[in-house]
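I have placed the structure first, in the form of structure tokens, so that the comments after it can refer back to it.
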Amino acid sequence: MSDLRKMFTSKDFVVNSNIIKCISNIDITLDEFLLILYFINVSEYLDANNISKTLGFDEQKAVDTFSSLLNKKYIEMNVVNKNGEVIEKVNLDPLYDRLALNKKTENNDVDIYALFEKELGRTLSSFEYEMINKWLESGISDDIIKGALKEAILNDVRNFKYIDKIVYEWSKKGIKKHLKEDKNQEELFDYDWLDENE
């Protein structure tokens with residue numbers, strides 16, 4: 001019994017406390033987080049057999065979880081030369097960038113990606129994740145992005161091209177000021193974006 005207790009109390013995985021603080025603010029499952037821990041602590045290379053042995057995943061679960069992390073753009077694959085052999089290495093920088101982005105905007109009540117999924121009633125595609133990232137990285141405020149999402153929902157249009165057009169127009173015209181002051185909100189939502197030229 002004491003050997004089993006030792007097995008459960010030994011500490012062979014470590015993780016930065018900042019990751020723990022921020023991880024709940026992004027769209028990540030327990031299996032995905034466990035796989036991230038594997039890449040941090042065990043190996044930066046994809047080895048389904050070793051993942052299965054370390055995490056207790058079957059091979060299919062290991063592959064599916066890995067694919068999900070790739071689709072969500074939390075990881076990417078880089079080709080490296082290891083001992084004269086060209087192999088693919090897992091890069092966790094996209095995850096760290098996402099966590100840093102969320103840390104920067106942690107005063108918001110809801111993670112913006114989770115808000116989009118909730119309002120649209122579905123999981124975001126990798127293209128949609130990329131588009132939201134593009135908005136945030138170009139310095140567009142959360143207020144504009146959330147306002148554009150609200151505008152799309154009010155008009156019953158769940159198309160990212162439509163939302164992107166609103167985000168672009170509002171940021172160009174300085175709608176941020178109006179959103180913050182909460183003045184003339186009706187004017188913003190009365191605009192017919194469908195009639196706008198492409």
Side-chain angles (χ1 to χ4, degrees), residues 1-83 85-137 142 145 149 160:
M1 190 69 158
S2 63
D3 286 343
L4 286 174
R5 190 176 293 129
K6 277 182 190 171
M7 181 180 77
F8 288 116
T9 55
S10 65
K11 297 174 177 67
D12 50 3
F13 270 37
V14 285
V15 63
N16 184 296
S17 63
N18 289 304
I19 294 178
I20 298 294
K21 288 174 191 168
C22 299
I23 202 79
S24 62
N25 293 325
I26 66 170
D27 171 32
I28 192 166
T29 66
L30 176 59
D31 288 343
E32 290 165 353
F33 181 55
L34 290 174
L35 190 53
I36 290 290
L37 287 180
Y38 170 87
F39 291 132
I40 291 171
N41 288 276
V42 181
S43 173
E44 297 173 311
Y45 303 97
L46 181 62
D47 180 341
N49 287 330
N50 199 37
I51 290 169
S52 299
K53 194 167 82 173
T54 308
L55 299 179
F57 290 1
D58 62 43
E59 201 164 319
Q60 188 59 52
K61 185 177 182 178
V63 170
D64 289 346
T65 307
F66 178 79
S67 298
S68 180
L69 286 170
L70 273 177
N71 288 335
K72 289 179 177 179
K73 304 229 177 256
Y74 290 154
I75 59 173
E76 59 187 29
M77 298 301 288
N78 294 339
V79 176
V80 295
N81 190 319
K82 186 185 180 188
N83 303 325
E85 184 185 354
V86 176
I87 54 173
E88 286 191 314
K89 179 180 174 184
V90 175
N91 181 0
L92 295 174
D93 285 348
L95 172 72
Y96 300 140
D97 291 344
R98 178 72 61 81
L99 292 173
L101 200 57
N102 276 283
K103 182 75 176 164
K104 189 174 152 190
T105 57
E106 67 182 358
N107 55 329
N108 295 325
D109 295 329
V110 184
D111 167 35
I112 202 150
Y113 305 93
L115 178 66
F116 267 79
E117 291 187 335
K118 180 185 170 192
E119 293 296 334
L120 298 176
R122 61 177 172 76
T123 304
L124 294 174
S125 69
S126 56
F127 167 77
E128 291 165 341
Y129 269 102
E130 204 170 296
M131 186 168 278
I132 295 172
N133 268 338
K134 184 192 77 175
W135 296 332
L136 293 169
E137 285 167 6
D142 285 2
I145 297 169
L149 173 62
F160 254 72

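Computed from heavy atoms alone, side chains included, the values below leave out hydrogens, waters and symmetry copies.
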Could you grab the distance from atom [atom1] of [X] to atom [atom2] of [Y], nearest 0.5 Å is fine?
X      : Y      : atom1 : atom2 : value
Glu130 : Glu137 : CD    : CD    : 9.0 Å
Ile40  : Leu92  : CD1   : CG    : 6.0 Å
Phe13  : Leu34  : CZ    : CG    : 8.0 Å

Would a 4.5 Å heavy-atom cut-off, applied to side chains only, mark [X] and [Y] as touching?
X      : Y      : result
Met77  : Asn91  : no
Val42  : Leu37  : no
Leu124 : Ile132 : yes
Leu35  : Ile75  : no
Ile28  : Ile23  : yes
Leu149 : Leu120 : yes
Phe57  : Asp64  : no
Val63  : Leu46  : no

- Just checking, Arg98 and Tyr129: is the charged tip under 6.0 Å from the six-membered ring centre and within 45° of the axis?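 Relative to the ring axis of Tyr129, which defines the angle, Arg98 lies outside at least one limit.
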- Query: Tell me, which pairs form a salt bridge (charged side-chain N to carboxylate O under 4.0 Å, His left out) where one or both residues lie in residues 24-39, sequence neighbours left out?
  - Reply: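 Found Asp27-Lys72, Asp31-Lys61, Glu32-Lys72.
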Write down the atom of [X], the atom of [Y], and the distance for their closest heavy-atom approach.
X      : Y     : value
Ser126 : Lys73 : O-CE, 3.9 Å
Ala48  : Ala62 : O-CB, 4.4 Å
Lys21  : Ser24 : O-OG, 4.3 Å

- Dump the intermediate steps for side chain to side chain contact (heavy atoms under 4.5 Å, CB included) on Leu95 and Leu69, then the final yes or no. CA-CA 9 Å; Leu95 172 72; Leu69 286 170; over 6 Å; no
- Query: Would you call the rings of Phe39 and Phe66 parallel, tilted or perpendicular, where under 30° means parallel and over 60° means perpendicular?
  - Reply: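 Answer is perpendicular, since the angle exceeds 60°.
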- Between Leu99 and Tyr74, is a side chain to side chain contact (heavy atoms under 4.5 Å, CB included) present by the stated rule, with each step listed? CA-CA 10 Å; Leu99 292 173; Tyr74 290 154; over 6 Å; no
- Query: Which is it for Tyr96 and Asn18 under the side chain to side chain contact (heavy atoms under 4.5 Å, CB included) test, yes or no, and what are the steps along the way?
  - Reply: CA-CA 10 Å; Tyr96 300 140; Asn18 289 304; over 6 Å; no
- Item | Pair listing, side chain to side chain donor-acceptor pair (under 3.5 Å) test, anchored in residues 45-57, at least two apart |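 Pairs touching residues 45-57 that pass the test: Tyr38-Asn50.
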- Glu44: side chain to side chain contact (heavy atoms under 4.5 Å, CB included) partners, not counting sequence neighbours: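 So Glu44 forms a side chain to side chain contact (heavy atoms under 4.5 Å, CB included) with Lys89.
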